Amino acid sequence: MRDQDEAQEKRTSRRAFLRAGLATGGAVLGGGALAAPQAAGNPKNQPPHVADWSRTLGDGVAVRAYGKPSKHEANVIRRDVQWLTAARESSVSFTPIHELDGIITPNGVCFERHHAGIAEIAPADYRLIVHGLVDKPLVFTLDDLKRMPRVNRAYFCECAANSGMEWRGAQLNGAQYTHGMVHCVMYTGVPLRVLLQEAGLKPNAKWLLLEGGDAAAMTRSLPLQKALDDALVAYRMNGEMLYPENGYPARIVLPGWEANMWVKWLRRIEVGDQPWHQREETSKYTDLLENGKARRFTYVMDAKSVITGPSPQAPLNHKSGFTVLSGLAWSGRGKIARVDVSLDGGRNWRTARLDGPVWDKALTRFYYEFDWDGRELLLQSRAMDESGYVQPTKNALRKIRGVNSIYHNNGIQTWHVHKSGEVENVEVS
Ligand SMILES: Nc1nc2c(c(=O)[nH]1)N[C@H]1C(S)=C(S)[C@@H](COP(=O)(O)O)O[C@H]1N2
Ligand SMILES: [Mo]
C-alpha cells in the first residue's frame, strides 16, 4: 500500500514539477507576471541587458583574505532570545537552520552555549591534564595532541535544552528558536581512548571527570565505556581549528550524547571509580517528572526531526504549485532509517526522500516535493532510526514525562502554513 502511495506521489510530484516548469517558462515569455515579488529586481541588470557587474572589474584575489558570505545573505546569522537568559555570558545563540541546507553547519553559524562566556586560550599556554586512577599522570600540549593518531568524523551536537521552551505549548516562532540548538560539523581529533591508553588505566577505573578551562569550569562525569568507544578530543571543525566559541583549542566530542557533556576548552580529565555528582548532573541536566522524581544521566539524544522550510522564518512566497519541503533528522542511537512527512497534522503520512550522506549520529537531510493546492497545511515530520525508535508526538511524550522538564523534548513539531504562505508554530491535539 505504501509503495503504491509512493509511486502515486512520485507521479503527482513529477507532473506538478512539469506544470510548474511550464508556468515559469510562460512567465518569462510573458514578462515575469508570475515571478515572486523578491525576484523582481532591477530590469536593467537582467537579460537582454548587460548587468552592472559585467561592466567593471571586481575585487582581485586575496583582497578578501578570509572569505565571507555575500552581503545579500546577511540574514544567515546566529540569533538569541533575550528574555531567555539574564546575561549573554551565560546564554545561548541558535543556528539559523531555516537558512541552511545539506547536513554540515558552517563554522560561523554553529549555535553557541556558554555558562561563563568564551575562554580565550593561547595555543602555547594550552595544557590538557590526565590524572587520577592512571599508571602515569600526563600533561598534553596542543602539539602533543596533533602528533597523535587522528580521525575525522561528522556528528550532530544537540543541547539537551533544544525545544525545551515548548514543553507547555507552542511558544517560539521559528525553527531557529525551537530547534536551532544543534549543529553538525566534521571534527578532527584524537580518540580519547588513545590518551587513556597512553596514561594507562588502573583496574578500578570506571568514570572520568571532564573539566573545562572557562570561568564556569564546566564539569561532567563520563562513563569509561563511552570514553573507550567513540569519544574524541577534537581540535578542528570542518577542517579549521575550532572557533573560540566552540572550545578552541580543544573540546570533547561525545557522539549522540547531550551537548552539555561536550566540554569545551578542555583542561582536565580525572579518572575515578564513580560519578562526581556535579552541578550539571544534579541541579541541571536532570529531568523532573510529574511524581517529583527526576531522571538523571539521560545521556543519549533520542531521534528527532524538524521541517526547516517551510517554517515561520522561511514562509512560502508562491501561492500554489510545486513546493519543496526540506528538513533535518538525527538520532543519538545511530543512523536515520526513515523520515515521514504529514501535510495534515499527522492524519496521513508520506515517506520523505533522504538526500546526501546518511551518517551515524549526524544530521540527515530530507526532502518532500509536492504540488501545493494553495490550501492551509499542518506540516509535521517524524524520524525513525536504525534501532526502530520512532519520534513521538508531543502529547505522547508529555504522558510519560509531564511538563516539568526542560531537557530532551524530541516531540513532533507542527507548522501551520496559512493560505498567504505565512507559517506559524502550533500544536494539534
Ligand atoms: N567548558 C564548557 N563547556 C561547555 C559549556 C560551557 O559553558 N563550558 N556548555 C555546554 C553546553 S550546555 C552545550 S549545549 C555545548 C554547546 O556547544 P557549542 O557552543 O559548540 O554549540 O557545550 C557544552 N560545553
Ligand atoms: Mo546545553
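Counting starts at 1 for both ligands and their atoms, following the listed order. This structure is a prediction, so every number in the text was calculated from the model and none was measured.
Near Asn246, with a cut-off below 4.0 Å to any heavy atom, the atoms of ligand 1 are 18 (P), 19 (O), 20 (O), 21 (O). Residue contact check: Glu245 has heavy atoms under 4.0 Å from atoms 19 (O) of ligand 1. For ligand 1, the atoms closer than 4.0 angstrom to any heavy atom of Val263 are 3 (N), 24 (N). Applying the 4.0 Å criterion to heavy atoms of Gly212 picks out, from ligand 1, the atoms 1 (N).
Counting heavy atoms only, Arg251 comes closest to atom 22 (O) of ligand 1 of the residues Met237, Arg251, His114, His115.
What sits closest to atom 16 (C) of ligand 1 on the protein, heavy atoms only, is Arg113 CB, 3.8 Å. Among all non-hydrogen protein atoms, the one lying nearest atom 8 (N) of ligand 1 is Asp214 OD2, 2.7 Å. Closest to atom 5 (C) of ligand 1 among all protein heavy atoms lies Met218 SD, 3.5 Å. Annotation: atom 3 (N) of ligand 1 to nearest protein heavy atom, Lys264 N, 2.9 Å. Protein heavy atom closest to atom 21 (O) of ligand 1, with residue, atom name and distance, is Phe111 O, 2.6 Å. Of the protein's non-hydrogen atoms, the one nearest atom 23 (C) of ligand 1 is Ala259 O, 3.2 Å. When only non-hydrogen protein atoms are considered, atom 12 (S) of ligand 1 lies nearest to Tyr285 OH, 3.0 Å. Nearest to atom 24 (N) of ligand 1 among the protein's heavy atoms is Trp262 O, 3.1 Å.
Using a 4.5 Å cut-off on side-chain heavy atoms (C-beta onward), Ile252 and Met261 make no contact.
With Asn260 as the partner, the side chain to side chain donor-acceptor pair (under 3.5 Å) test is satisfied by one option alone out of Arg113, Lys284, Glu280: Glu280. Here the rule is ring-ring contact (aromatic ring centres under 6.0 Å, His included) with His183, and of Phe94, Phe111, Tyr155 only Phe111 fits it. Between Glu112 and the choices Lys264, Arg79, Arg78, the salt bridge (Lys or Arg N to Asp or Glu O under 4.0 Å) rule is met once, by Arg78.
Under the 6.0 Å cut-off for aromatic ring centres, Phe297 and Trp207 qualify, their centroids lying closer than that. Aromatic ring centroids of Tyr285 and Tyr407 lie under 6.0 Å apart.
Remark: side-chain polar atoms of Ser331 are not paired, donor with acceptor, to backbone N or O of Asp302 under 3.5 angstrom.
Thr141 and Asp143 form no side-chain donor-acceptor contact under 3.5 Å, judged by distance and modelled atom types alone.
At a heavy-atom cutoff of 4.0 Å, ligand 1 is contacted by no atom of Met181, backbone or side chain.
Below 3.5 Å of separation, one finds no N or O of Cys159 facing any N or O of ligand 1.
Between Trp257 and Tyr299, the ring-plane angle classifies as parallel under the 30° and 60° cut-offs.
In this structure, CD1 in Ile104 is found 4.5 Å from SG in Cys184, a value given to the nearest 0.5 Å.
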